[in-house]
J.: 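Next up is a structure, given as structure tokens.
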Amino acid sequence: MLYLKKQEERPMARNITSRSQDYSQWYLDIIKVAELADYAPVRGCMVIRPTGYALWESIQHHFDEAFKETGHVNAYFPLLIPQSFIEKEAEHVEGFAPECAVVTHAGGELLEEPLVVRPTSETVIGHMYSKWVQSWRDLPILINQWANVMRWEKRPRLFLRTSEFLWQEGHTAHSTDKEAMEETLRMLEVYRRIMTDILALPVISGEKTEGERFPGAVNTYTCETMMSDGKALQAGTTHFLGQNFARAFDIKFQNREGDLEYAWTTSWGVSTRLIGAIIMTHSDDDGLIIPPRAAPVKTVILPISSDAEKLENELLPRAVEISSSLNTALGGRFTTVDRQFHLRPGDRFFHHLQRGVPLRLELGEKDLTKGTVRAVRRDTGEKMDIPIETLSEKIPLLLEEIQSTLFNRALDFRKAKTVSASTYEELKQGLSGDGGFVETWFAGGSAGEQKIKEETGATARCIPLEDSSTGKCIITGEEGAPKVIFAKAY
RNA sequence: CGGGGCGUAGCGCAGUCUGGUUAGCGCACCUGCUUUGGGAGCAGGGGGUCGAAGGUUCGAAUCCUUUCGCCCCGACCA
């Protein structure tokens with residue numbers, strides 16, 4: 001709502017349902033129009049189309065770099081997991097069994113032991129770690145894998161909840177609980193930083209409450225973010241697994257004193273859900289908006305002329321030239337030249353606008369005469385003429401400005417949609433409106449969470465790490481309850 | 001799994017109640033001409049076993065039975 005004003009002055013996109021009319025349909029329309037994904041023949045599965053996949057690769061790149069900077073290495077573990085593995089950790093089975101797809105036949109025969117299509121890999125990886133770890137010198141193990149996983153979801157939603165999705169799962173093993181806990185929080189911070197700095201998602205990092213913990217974890221941490229309908233989205237999680245999986249899979253090592261000890265493990269992941277987060281945080285009624293630092297295509301140059309001859313021989317070569325110098329300035333292949341000359345300018349504008357390209361550069365005869373290009377910002381619609389010789393210097397700055405505009409816009413929105421409650425009544429009231437976060441004091445445990453969920457539809461999102469203040473629990477009335485954010489969530 | 005909606009051209013739909021020529025319309029697509037700095041106009045054209053199976057009938061997109069799938073809203077989840 002905050003940023004509808006500008007858009008209303010322009011003609012509305014005719015192929016996108018407006019956000020205010022039907023938020024879910026708007027979300028689906030964006031995905032369709034921007035050609036991010038399409039439904040696959042199997043229910044709950046999606047095809048990530050080239051535009052969507054390019055965005056994923058870009059996201060992947062930023063996270064992968066950060067993982068490597070923090071000493072992690074990539075590896076690959078198999079898709080199929082013996083069913084007995086999943087059953088080794090009590091809470092883990094309970095949590096995942098209902099959504100597992102199981103392979104019972106192969107090679108035309110019934111398998112002796114059914115194989116589970118991985119819903120996550122703690123178990124196989126635990127099994128392998130137990131083989132690889134003997135001494136404290138073998139620790140820590142800091143491995144990440146980029147993979148697909150499958151969770152048979154009752155109600156799929158493109159990017160947010162599909163039966164198969166792509167993600168990254170980090171799995172580490174340490175010799176002390178302190179070190180494992182540090183790792184858990186370090187990766188949470190890596191997530192927070194990239195989401196904030198690159199994806200322009202204002203996130204609140206915090207600890208999950210009892211009721212929201214990963215099955216088998218001692219502690220779960222999260223980066224929670226608010227979508228433009230006021231609902232919360234868990235954008236990434238890290239888990240301190242204690243010795244639970246080490247016990248289940250016998251990951252033991254001999255310490256410096258010669259005693260055998262179970263290792264301490266962690267796991268952490270972000271998925272293609274982040275694409276959903278980007279869509280629902282930044283996009284508008286005209287289509288997708290991608291923050292420049294995350295965008296696979298940061299600027300597009302459109303040579304424009306009614307004169308086919310000039311278009312081909314003067315404007316296009318100039319555009320290609322500008323594109324390559326911009327790519328040098330931006331340090332990558334982030335600029336493209338639009339050659340859809342069979343379309344009229346308006347169609348070409350909309351094409352890129354709806355795909356979320358942060359900055360459009362129009363190069364027409366008038367511009368060439370003046371020695372400028374017409375730049376149009378995706379986030380504000382603002383137009384400006386920029387001298388060609390200053391482009392290499394100006395464009396990167398402009399992109400950074402768009403980046404921060406998008407972040408601040410989203411942050412302001414979240415702040416405006418966040419209220420505090422110090423009684424249960426206030427909480428209910430805060431949750432009764434059109435979405436948003438409610439901060440409150442809570443120490444009511446799973447039962448309290450259940451009650452709130454039943455009565456308001458909202459769940460505990462997290463206990464924010466940055467806020468260690470305490471107060472009187474709205475359910476039990478006891479003092480010293482931590483601050484907890486409640487919201488309706490995806 | 002519960003509630004609601006929908007399957008007819010690539011997309012969006014009309015036609016179904018009340019069976020009857022060759023199944024229509026808009027957008028998109030192809031060809032030509034005129035256009036071209038925020039979604040062009042005219043003319044011509046291609047594209048369908050009406051979700052599937054069975055049944056009723058001289059005749060089924062339309063009626064009956066069964067079935068499959070998809071979307072939306074809930075319970076479960078990154």
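So that the names make sense, note that chain A is the first sequence line, chain B the second, and so on, each numbered from 1. Predicted, not measured: the structure shown is a model, and the values here were computed from it.
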J.: Which pair of heavy atoms, one from A:Val93 and one from A:Ala90, lies closest together, and at what distance?
T.: CG2-O, 3.3 Å
J.: Quote, to the nearest angstrom, the C1' distance that separates B:C11 from B:A52.
T.: 22 Å
J.: Using the C1' atoms only, state how far B:U35 lies from B:A43, rounded to an integer number of Å.
T.: 15 Å
J.: Round to a whole Å and report the spacing from NZ of A:Lys453 to P of B:C76.
T.: 3 Å
J.: Return no unless some side-chain N or O of A:Arg155 is found under 4.0 Å from OP1 or OP2 of B:G74.
T.: yes
J.: Step through it carefully: locate the ring centre of A:Trp268, locate the ring centre of A:Phe214, and say whether they are under 6.0 Å apart.
T.: no
J.: Nearest whole angstrom, please: distance from the C1' of B:A78 to the CH2 of A:Trp146.
T.: 14 Å
J.: Hey, which sits more toward the 5' end of RNA chain B by its nearest nucleotide, A:Ala235 or A:Pro345?
T.: A:Pro345
J.: How far, in whole Å, is B:C70 from B:U65 if one measures between their P atoms?
T.: 24 Å
J.: Rounded to whole Å, how long is the line connecting atom CD of A:Glu99 with atom C1' of B:A78?
T.: 9 Å
J.: What's the gap between B:C6 and B:A14 when it is taken at their P atoms, as a whole Å value?
T.: 9 Å
J.: For A:Leu302, report the nucleic acid contact type (base, sugar-phosphate, nothing); a contact means any heavy atom under 4.0 Å.
T.: nothing
J.: What does B:A60 pair with, Watson-Crick or G-U, if both distances are under 3.5 Å?
T.: none
J.: Please state how far atom CG in A:Leu233 lies from atom C1' in B:C77, giving the value in whole angstrom units.
T.: 12 Å
J.: Examine the base of B:A78 for any acceptor or donor lying under 3.5 Å from a partner atom in the side chain of A:Arg161, and report the outcome as yes or no.
T.: no
J.: Let's see if you can work this out: which of B:C73, B:G12, B:C77 has an atom nearest to the side-chain heavy atoms of A:Ser24?
T.: B:C73
J.: In whole angstrom, what separates A:Tyr27's OH from B:C73's C1'?
T.: 17 Å
J.: Report the distance from atom CH2 of A:Trp167 to atom C1' of B:C77, rounded to the nearest whole Å.
T.: 12 Å
J.: Quick check, are the ring centers of A:His127 and A:Phe85 under 6.0 angstrom apart?
T.: yes
J.: Hey, could you give me the CD/CZ distance between A:Glu35 and A:Arg49, rounded to the nearest 0.5 Å?
T.: 4.0 Å
J.: Between P on B:C70 and NZ on A:Lys32, what's the gap in Å once rounded to a whole number?
T.: 16 Å
J.: Give the rounded distance in Å between these two atoms: CD of A:Glu455 and C1' of B:G74.
T.: 17 Å
J.: Given 3.5 Å as the limit, does a donor-acceptor pair link the side chain of A:Asp285 with the main chain of A:Ser18, or not?
T.: no
J.: To the side chain of A:Glu153, which of B:G38, B:G39, B:C76 is closest?
T.: B:C76
J.: Between A:Tyr221 and A:Tyr191, is the gap from one ring center to the other below 6.0 Å?
T.: no
J.: For the base of B:G38 and the side-chain ring of A:Phe350, does the geometry meet a stacking cutoff of under 5.5 Å between centres and under 30° between planes?
T.: no
J.: Under 4.0 Å between a side-chain nitrogen and a carboxylate oxygen: does that hold for A:Glu455 and A:Lys451?
T.: yes
J.: Contact class for A:Gly364 vs. all strands (heavy atom < 4.0 Å): base, sugar-phosphate, or nothing?
T.: base
J.: Ignoring backbone atoms, establish whether A:Ser305 has a side-chain N or O less than 4.0 Å from OP1 or OP2 of B:U36.
T.: no
J.: I want to verify a distance call: between B:A40, B:C77, B:G37, whose nearest atom is closest to the A:Phe349 side chain?
T.: B:G37
J.: Applying a 3.5 Å limit to both distances, which nucleotide forms a Watson-Crick or G-U wobble pair with B:C11?
T.: B:G26
J.: Suppose we define a pair by two distances each less than 3.5 Å, Watson-Crick or G-U wobble; what does B:G46 pair with here?
T.: none
J.: Please determine, for B:A78, whether a Watson-Crick or G-U wobble partner exists with both distances under 3.5 Å, and give it or none.
T.: none
J.: Here's a test of your reading of the structure: between A:Leu160 and A:Leu28, which maps to the more 5' nucleotide of RNA chain B?
T.: A:Leu28
J.: With a 4.0 Å cut-off, would you call A:Arg344 and A:Asp347 a salt bridge?
T.: yes
J.: What nucleic acid atoms does A:Thr162 come within less than 4.0 Å of, heavy atoms only: base, sugar-phosphate, or nothing?
T.: base
J.: Supply the atom-to-atom distance A:Phe159 CZ to A:Leu166 CG, rounded to the nearest 0.5 angstrom.
T.: 9.5 Å
J.: Pick base, sugar-phosphate or nothing for A:Ser271, based on heavy-atom distances below 4.0 Å to the nucleic acid.
T.: base
J.: Would you mind classifying the nucleic acid contact of A:Gln234 as base, sugar-phosphate or nothing, using non-hydrogen atoms under 4.0 angstrom?
T.: sugar-phosphate
J.: Looking at A:Arg19 and A:Asp284, does any basic side-chain N land under 4.0 Å from a carboxylate oxygen?
T.: no
J.: Can you tell me how far P in B:A53 sits from the matching atom in B:A60, rounded to whole Å?
T.: 14 Å
J.: Identify which one of A:His92, A:His171, A:His239 satisfies the ring-ring contact (aromatic ring centres under 6.0 Å, His included) criterion when paired with A:Phe245.
T.: A:His92
J.: For B:U65, which nucleotide in any strand shown is its Watson-Crick or wobble partner with both distances under 3.5 Å?
T.: B:A53
J.: Using heavy atoms and a sub-4.0 Å distance, could you list which residues of residues 365-376 of chain A are near RNA chain B? By number, please.
T.: A:Glu365, A:Lys366, A:Asp367, A:Arg374, A:Val376
J.: Indicate the atoms forming the closest heavy-atom contact of A:Pro202 with A:Thr225, along with that distance.
T.: O-OG1, 3.4 Å
J.: Give me, pair by pair, the N or O atoms of the protein and of nucleotides 2-9 of chain B that are less than 3.5 Å apart, along with how far apart they are.
T.:
none

J.: Taking the P atom in each of B:G2 and B:A78, what is the distance between them to the nearest angstrom?
T.: 24 Å
J.: For the C1' atoms, the ones on B:G47 and on B:G10, what distance do you get once it is rounded to whole angstrom?
T.: 10 Å
J.: When we call it a touch if two heavy atoms are under 4.0 Å apart, what does A:Arg360 touch: a base, just sugar-phosphate, or nothing?
T.: base
J.: Contact class for A:Lys383 (heavy atom, under 4.0 Å): base, sugar-phosphate, or nothing?
T.: base
J.: Is there a Watson-Crick or G-U wobble partner for B:C33 with both distances under 3.5 Å, and if so, which one is it?
T.: B:G41
J.: When both hydrogen-bonding distances must be under 3.5 Å and the geometry is Watson-Crick or G-U wobble, what is B:G2 paired with, if anything?
T.: B:C73
J.: Measure up the A:Trp264 and A:Phe240 rings against each other and bin them: parallel (under 30°), tilted (30 to 60°), perpendicular (over 60°).
T.: parallel
J.: With a 4.0 Å cut-off, would you call A:Lys208 and A:Glu224 a salt bridge?
T.: yes
J.: For atom P, what is the distance between B:A28 and B:U56, given to the nearest Å?
T.: 45 Å
J.: So does A:Gln354 reach the base of B:G39 with its side chain, donor to acceptor, closer than 3.5 Å?
T.: yes
J.: Remember a base hit wins even if backbone is also touched, and classify A:Tyr39 as base, sugar-phosphate or nothing at under 4.0 Å, heavy atoms.
T.: sugar-phosphate
